[in-house]
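Step one of this worksheet: look at the structure below.
In what follows, chains are A, B, ... by sequence order, proteins preceding strands, each numbered from 1.
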There are 2 protein chains.
Amino acid sequence: MAMFFNIFSLKNLLVLSLALNVSLVLRVLYEKDFEVNNGRFVDNQKDALTTTDSVLSEARATQRARPSMPSSSSTVDSDGGDTIINLDHGDPTMYESFWQQAGDKSTIVIPGWQSMSYFSDAGSLCWFLEPEFAKEIIRLHKTVGNAVTEDHYIVVGTGSTQLYQAVLYALSPQDAVEPLSVVSAAPYYSSYPLITDCLKSGLYKWAGDARSFNKEGPFIELVTSPNNPDGYVRQSVVNKSGGILVHDLAYYWPQYTPIASAANHDIMLFTVSKSTGHAGMRIGWALVKDEEVAKKMVKFVELNTIGVSKDSQLRAAKVLQVVIHSCRYPTSLGSLFDFAAHLMEERWKLLNAAVRQSGLFTLPEFSPGSCSFLNKSFPPQPAFAWLKCQEPMEDCEGFLRSNNIITRSGKHFGVSPQYVRISMLDRDENFYIFVERLSTIHQRQSVQLGETGE
Amino acid sequence: MAMFFNIFSLKNLLVLSLALNVSLVLRVLYEKDFEVNNGRFVDNQKDALTTTDSVLSEARATQRARPSMPSSSSTVDSDGGDTIINLDHGDPTMYESFWQQAGDKSTIVIPGWQSMSYFSDAGSLCWFLEPEFAKEIIRLHKTVGNAVTEDHYIVVGTGSTQLYQAVLYALSPQDAVEPLSVVSAAPYYSSYPLITDCLKSGLYKWAGDARSFNKEGPFIELVTSPNNPDGYVRQSVVNKSGGILVHDLAYYWPQYTPIASAANHDIMLFTVSKSTGHAGMRIGWALVKDEEVAKKMVKFVELNTIGVSKDSQLRAAKVLQVVIHSCRYPTSLGSLFDFAAHLMEERWKLLNAAVRQSGLFTLPEFSPGSCSFLNKSFPPQPAFAWLKCQEPMEDCEGFLRSNNIITRSGKHFGVSPQYVRISMLDRDENFYIFVERLSTIHQRQSVQLGETGE
């Protein structure tokens, strides 16, 4: 425990306790205020789980109280290890505190009569793309320098998940004798095979690990960079012709990885879920060089959902505006990317320390790289931890589950169940319970083994 | 022209002209105000098409000015027949004026930190369904009396289009030897075959007109009632066992058809697009009796788009609240359904008169029915006109296109190109140009024929 107390000192715990009290008082006041001013119902949030400010409030004394929100993952309790910490999904709720502090300028107001039509811009290639949102996408990429928008069409989607399917539809010949193979180097994003094969499409078919792919003929290779689940920067691995590359750049933002240069690929996918934290909006965008591919993607979104929520696009435009402003005119809070990069850095330090303390796991090792946006050199600090259990443990997911930590097994990512993927983007209180539990899991395990006489 | 002037009197035209001037002045004022107060960009609306109050403003003198909005369909011009009137889509923009008049109570305000998580209600079957929206759906059906919600699960979708695909996925066995047949009685909604077959799924396959379907084994029959495109009330037509019925009730609202009783089917689909006019929200809902079917539908939406925009669900909840309030405490404007039923009645009168005047077309004939919600008897007044060109014209869509009226040919609905589907839900100015042109099309045609010497 000595090392653990190096990380979580008594002072920190005292601050956490005080912050909890202050936050509960403020929460009661804020919730009442919110209920009156906003006119929304909070009844269904009455039994919602208590959220508290974190140990980070020591460093960010100006943090405002957080209104109550339903949590997907856990309750804060005295934690004898009973609290279930669900880090299976990459739910980016850690971003809530930035947006609370950003205040009213990110609030969207939509009158009842607005955006009623199916059409956003009837004459344009992507007729359901809100022009305001398109404009902010271009400004954001210019500001961050992570992607080239010139000579690309923008296609909006109901999250990048829909755009992934739109790409498959657009790239697959309608008259092919057999389905087009879709591959990605393992470990690959666990949803790729599920989405690709869920309807048993005759147009395309999941063909597994790109490294072992050797079938003749055309194929699609998904290049996720930084990679979900392991965070490494990636390039195409299939060493043969006939492949069409699709770059999933959901995590190519400076809070997760150094921005080396502006990506300039034929098809690039992005999402607000991982850039600003607004997963509930269900908004993603594709930058597409070829006009015919872009048109077919638009056709898919038309067939699939007749366009994309205007409300969320308008809200996304507003949110990107605030992000861009936070980069150009940073306040004491810094930009969104400063905030998130700082938080990721702290979390990775804590996780690395907890892993060393436990002695039961390993994590990927990253080399530092120079970031043109943050003007410094740092190693990747990914949105997921790709944890490997040491021998002789073979089922890392099961082991962590027995300790009330819910993760996603490596087998879903095309590799061994010795690995698990763990979200690093949850709310502070869950993350801190998680690292605390991970750091002491060895002792707990010893006690349990002693108790059962094994 | 005598009859046309019976419909559009000089007095009406004078009122239209005055309303146009007043509305332009108000528009300039309103737009300026809107720009300042709302903080949104209106630059991309600067060259937007002028919208005006309609002849209906005579009857509704309190109507407020409408802010400028981009139109998918036409420009208002002096109309020598050059204006292209696009009534191909069922874009429900006629509802805008109700929501303008409803004012601020339908405005939604969403702070930047709200609804960031993927989850709306993690513990419930449909984990991405906002509880507030679910509550309003139940209240709305209770108020209108058009569907039974008891013993049904609610599944939200990105429009009912996504829910249609979710239903196909949920009902198709994963291990079947051949795809499940999907049928509907012609004329059927033109998108059904396109959506069903777009990915060449191995799970299900479009099998055409339900009336001629005689394949052995299980099948899905889509019952759209009132029907898109022709507006008739429908029941299942396949006379054999093994069928699973899916009821698409998008148009089962009192503005389109008398509400005979509360529908109580196994699977019912609804959408805000056709009930409140908010097509741009992309929000639909399904009422589903069987828990396993509901669970599989939720799984599809998870795979397809990882849930449904929270912003649009919150906005939809607010809009339904206002609709319900307008039913319980009607103002001089009446409820949303009073407003829309009145407008549909007027439009159908005008269309019937124009069709009689032209002598070139016929329309479906409807019998009146008793409506439990509006407490009166009236014939259906559908959201689409299902127009048939008289012999010897065979290509009705082409004929109307040559008169700058864009419609959808019967061939897309599984029947003869002598038919076309025409949206009855466009903005006033487009609808009035359309009926005016239709009523005089015979004269125009004669002039053209005379000119070309045919």
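Chain B forms the most heavy-atom pairs under 4.5 Å with one residue out of Gly284(A), Ser201(A), Ser191(A), and that residue is Ser201(A). The most heavy-atom pairs under 4.5 Å with chain A, out of Gly277(B), Gly112(B), Pro92(B), Ala317(B), come from Gly112(B). The choice from Ser312(B), Pro179(B), Gly157(B), Ser273(B) that makes the most heavy-atom pairs within less than 4.5 Å of chain A is Ser312(B). For chain A, the option among Val308(B), Leu194(B), Leu199(B) with the highest count of heavy-atom pairs below 4.5 Å is Leu199(B). For the set His278(B), Lys310(B), Lys105(B), Lys299(B), the count of heavy-atom pairs under 4.5 angstrom toward chain A peaks at His278(B). Between chain A and the residues Ile306(B), Ile283(B), Val319(B), the largest count of heavy-atom pairs under 4.5 Å involves Ile306(B). When each of Gly280(A), Ser106(A), Gly90(A), Gly123(A) is checked for heavy-atom pairs under 4.5 Å with chain B, Gly280(A) comes out on top. Chosen from Gly307(A), Gly159(A), Cys198(A), the residue pairing most often with chain B at heavy-atom distances under 4.5 Å is Cys198(A).
Aromatic ring centres of Phe98(B) and Tyr95(B) lie farther apart than the 6.0 Å criterion allows.
The shortest heavy-atom contact between Phe339(A) and Gln101(A) is CE1-NE2, 4.4 Å.
Residues satisfying the ring pair (Phe, Tyr, Trp, His ring centres under 6.0 Å) test with His412(A), not counting sequence neighbours, are none.
Classification of the His89(A)-Phe119(B) ring pair by plane angle, with boundaries at 30° and 60°, yields perpendicular.
Asp121(B) CG to Phe128(B) CZ: the interatomic distance, rounded to the nearest 0.5 Å, is 11.5 Å. How far CG of Asn430(B) is from CD1 of Ile84(B): 11.5 Å, rounded to the nearest 0.5 Å. Separation of atoms CD1 (Ile110(A)) and CG (Leu314(B)) is listed at 10.0 Å; rounding is to 0.5 Å. Here Ile108(B) contributes atom CD1 and Asp311(A) contributes atom CG; the two are 9.0 Å apart, rounded to the nearest 0.5 Å. Taking CG from Leu425(B) and CG from Asp91(B), the interatomic distance works out to 8.5 Å, rounded to the nearest 0.5 Å. Here the CE-CE distance, from Met94(B) to Met116(A), works out to 9.5 Å after rounding to the nearest 0.5 Å.
Heavy atoms from other residues, nucleotides or ligands lying under 6.0 Å from NZ of Lys200(A) number more than 12.
Contacts between residues 163-173 of chain A and chain B, counted as heavy-atom pairs separated by less than 4.5 Å, involve Gln165(A), Tyr169(A).
Neither the backbone nor the side chain of Gln313(A) has a heavy atom closer than 4.5 Å to any heavy atom of chain B. Neither the backbone nor the side chain of Ser160(A) comes within contact range of chain B; no heavy atoms are under 4.5 Å apart. Both the backbone and the side chain of Thr158(A) come within contact range of chain B, judged by heavy atoms closer than 4.5 Å.
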